Amino acid sequence: MNFTFATYKSTLETALLNGYQIIPVKDFFSETQPEKFVINRVDVDLKPEKATFFLDILQDLRVKATFFLRIHSPTYNLFEFSLINLIERMIRDGHEIGLHTELADLQGICNRNPESSLRKEIMIIEDYFGIKILGTSSHGDHTGYNNLSFWDNRKPDDFGLVYEAYDQTIFNACRYISDSEWTQWKSYEGGKLLENDRRTPSEHIEQDSPNRIYLLTHPDCYYRHHFHER
């Protein structure tokens, strides 16, 4: 099993060849949906420069994605010159930008109010880049806090949002396939883990052909030739 950029492109090509439309996360919440689709979610955890390879592939295939970006990453700054250019390319190419939030971490580590922090983060990104943030995805890390717990008693529309990417509305409605274990795939059906299912997205498509696929990828996991390029 490899995670080359060529494999990422092949995954999307397999979906297209099998009659799937590839859509950003926001399109799942539109009034109409394609009969068969792959939600193309990209969480940028550590190495945004690798997202450039994804952008080239998406441009070549003429499909869109949602890129969730961190404000509190220890390895990148959204307002560094090259990152501004990268984000503006994402917007120019027609991709959706979302926030990869760390709200429980902020509260536990920095004693910051998570609600006011989220409102400020949305306002900063929207104002600086001239876009509308429609959704968040909660970042998972080794902090001891569960960032998704912020949403236990709150709703996205309380913050002018349409969705949280782990909301049951979307998570339970699709075959969820994720590379979040870095060197192997995992998948869920109806919100339940498919035990020992390490099939690639292409294998899911070719063997099962589920109508709704929710694909999560992280550019950090990918390389041109070998893992140690990271």
Side-chain angles (χ1 to χ4, degrees), residues 1-30 33-47 50-51 53-55 57-58 60-70 95-96 98 100 135-141 146-148 163-223 227 230:
M1 186 179 298
N2 67 63
F3 286 84
T4 63
F5 294 112
T7 301
Y8 176 71
K9 184 176 185 180
S10 176
T11 295
L12 300 181
E13 288 175 329
T14 298
L16 292 171
L17 287 170
N18 282 271
Y20 288 84
Q21 291 190 40
I22 297 172
I23 63 173
V25 180
K26 66 182 178 66
D27 283 8
F28 176 83
F29 296 92
S30 63
Q33 299 169 352
E35 181 180 351
K36 294 175 66 175
F37 60 79
V38 174
I39 299 168
N40 194 16
R41 170 181 159 193
V42 181
D43 286 3
V44 182
D45 282 357
L46 300 170
K47 296 186 175 183
K50 288 195 170 187
F53 294 96
F54 274 33
L55 286 172
I57 290 166
L58 296 170
D60 186 48
L61 298 178
R62 299 182 180 181
V63 297
K64 308 303 180 189
T66 301
F67 288 87
F68 289 96
L69 306 174
R70 297 172 68 184
H95 302 295
E96 179 188 7
H100 203 20
T136 66
S137 71
S138 297
H139 176 66
D141 218 322
N146 177 10
N147 288 308
L148 188 57
Y163 67 85
E164 209 302 314
Y166 286 107
D167 190 290
Q168 291 184 358
T169 303
I170 184 171
F171 191 76
N172 292 352
C174 303
R175 172 80 57 89
Y176 179 80
I177 308 171
S178 168
D179 66 5
S180 58
E181 293 186 357
W182 284 70
T183 59
Q184 59 186 6
W185 294 94
K186 65 178 179 181
S187 57
Y188 292 74
E189 184 78 61
K192 296 181 179 179
L193 178 67
L194 299 177
E195 296 285 350
N196 302 313
D197 191 340
R198 301 301 184 182
R199 288 179 295 169
T200 67
S202 292
E203 289 171 332
H204 282 275
I205 290 169
E206 293 173 338
Q207 294 172 13
D208 296 348
S209 192
N211 284 341
R212 298 177 166 193
I213 294 176
Y214 186 4
L215 177 65
L216 170 59
T217 54
H218 300 76
D220 317 310
C221 299
Y222 291 77
Y223 43 84
F227 177 89
R230 298 177 187 181

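Everything numeric here is computed off the predicted structure, so don't read it as measured data.
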*Asks:* State yes or no: are the ring centers of Y214 and F171 separated by less than 6.0 Å?
*Replies:* no
*Asks:* In terms of ring plane angle, is the pair H95 and F67 parallel, tilted or perpendicular, where the classes change at 30° and 60°?
*Replies:* perpendicular
*Asks:* By the salt bridge (Lys or Arg N to Asp or Glu O under 4.0 Å) test, which pairs, at least two apart or in different chains, include something from residues 10-28?
*Replies:* none
*Asks:* Side chains of N2 and T7: donor-acceptor distance under 3.5 Å anywhere?
*Replies:* yes
*Asks:* Over all heavy atoms of both residues, which pair between Y8 and N40 is shortest? Give the atoms and the distance, please.
*Replies:* OH-OD1, 3.3 Å
*Asks:* Taking the side chain as everything from C-beta on, heavy atoms only, tell me whether I39 gets closer than 4.5 Å to L215.
*Replies:* no
*Asks:* May I ask you to test the I23-V38 pair for a side-chain heavy-atom distance under 4.5 Å?
*Replies:* no
*Asks:* Of all the heavy-atom pairs spanning A173 and F28, show the shortest one and how long it is.
*Replies:* CB-CZ, 4.0 Å
*Asks:* Run the numbers on Y166 and L216 for side-chain contact (heavy atoms from CB on, under 4.5 Å), then give the verdict.
*Replies:* CA-CA 11 Å; Y166 286 107; L216 170 59; 4.0 Å; yes
*Asks:* Whether the S138 and E164 side chains hold a donor-acceptor pair (N or O, under 3.5 Å, no angle test) is what I'd like checked.
*Replies:* yes
*Asks:* Report yes if the side chains of K36 and S209 come closer than 4.5 Å at any heavy-atom pair, otherwise no.
*Replies:* yes
*Asks:* Taking only Lys NZ, Arg NE, NH1 and NH2, and the carboxylate oxygens of Asp or Glu, determine whether D60 and K9 approach each other closer than 4.0 Å.
*Replies:* yes
*Asks:* Would you call the rings of F29 and Y163 parallel, tilted or perpendicular if under 30° counts as parallel and over 60° as perpendicular?
*Replies:* parallel
*Asks:* Are side-chain heavy atoms of D141 and R70 found at a separation under 4.5 Å?
*Replies:* yes
*Asks:* What class does the angle between the rings of H100 and F68 fall in, given that below 30° is parallel, 30 to 60° is tilted and above 60° is perpendicular?
*Replies:* tilted
*Asks:* If you apply the rule side-chain contact (heavy atoms from CB on, under 4.5 Å), what do you find for W185 with F3, and how did you get there?
*Replies:* CA-CA 10 Å; W185 294 94; F3 286 84; 3.6 Å; yes
*Asks:* Give me each pair satisfying salt bridge (Lys or Arg N to Asp or Glu O under 4.0 Å) with a member in residues 165-178, each pair once, sequence neighbours excluded.
*Replies:* R175-E189, R175-D208
*Asks:* Going through the checks in order, is the side-chain contact (heavy atoms from CB on, under 4.5 Å) test met by H218 and S180?
*Replies:* CA-CA 7 Å; H218 300 76; S180 58; 3.8 Å; yes
*Asks:* Look at E181 together with R198 and state whether they make a salt bridge at an N to O cut-off of under 4.0 Å.
*Replies:* yes
*Asks:* Is the number of heavy atoms from other residues, nucleotides or ligands under 6.0 Å of Q207 CD greater than 12?
*Replies:* yes
*Asks:* Flag the pair T66 / V42 as yes when at least one side-chain heavy-atom distance between them is below 4.5 Å, and no otherwise.
*Replies:* no
*Asks:* Hydrogens and angles aside, do D179 and Y222 bring a side-chain donor and acceptor to less than 3.5 Å of each other?
*Replies:* yes
*Asks:* With the side chain counted from C-beta on, respond yes when F37 and E35 share a heavy-atom pair under 4.5 Å apart, and no when they do not.
*Replies:* no
*Asks:* If you define the side chain from C-beta out and look only at heavy atoms, does anything of Y20 sit under 4.5 Å from L12?
*Replies:* no
*Asks:* Nearest 0.5 Å please: distance from the OG1 atom of T11 over to the CD1 atom of I205.
*Replies:* 7.0 Å
*Asks:* Would you name the heavy atoms of E96 and P24 that are closest together and state the gap between them?
*Replies:* OE1-CB, 3.9 Å
*Asks:* If you look at every heavy atom in S137 and R41, which pair is closest and at what distance?
*Replies:* CB-NH2, 3.5 Å
*Asks:* If we only count heavy atoms from C-beta on, is the T4 to Y223 side-chain gap below 4.5 Å?
*Replies:* yes
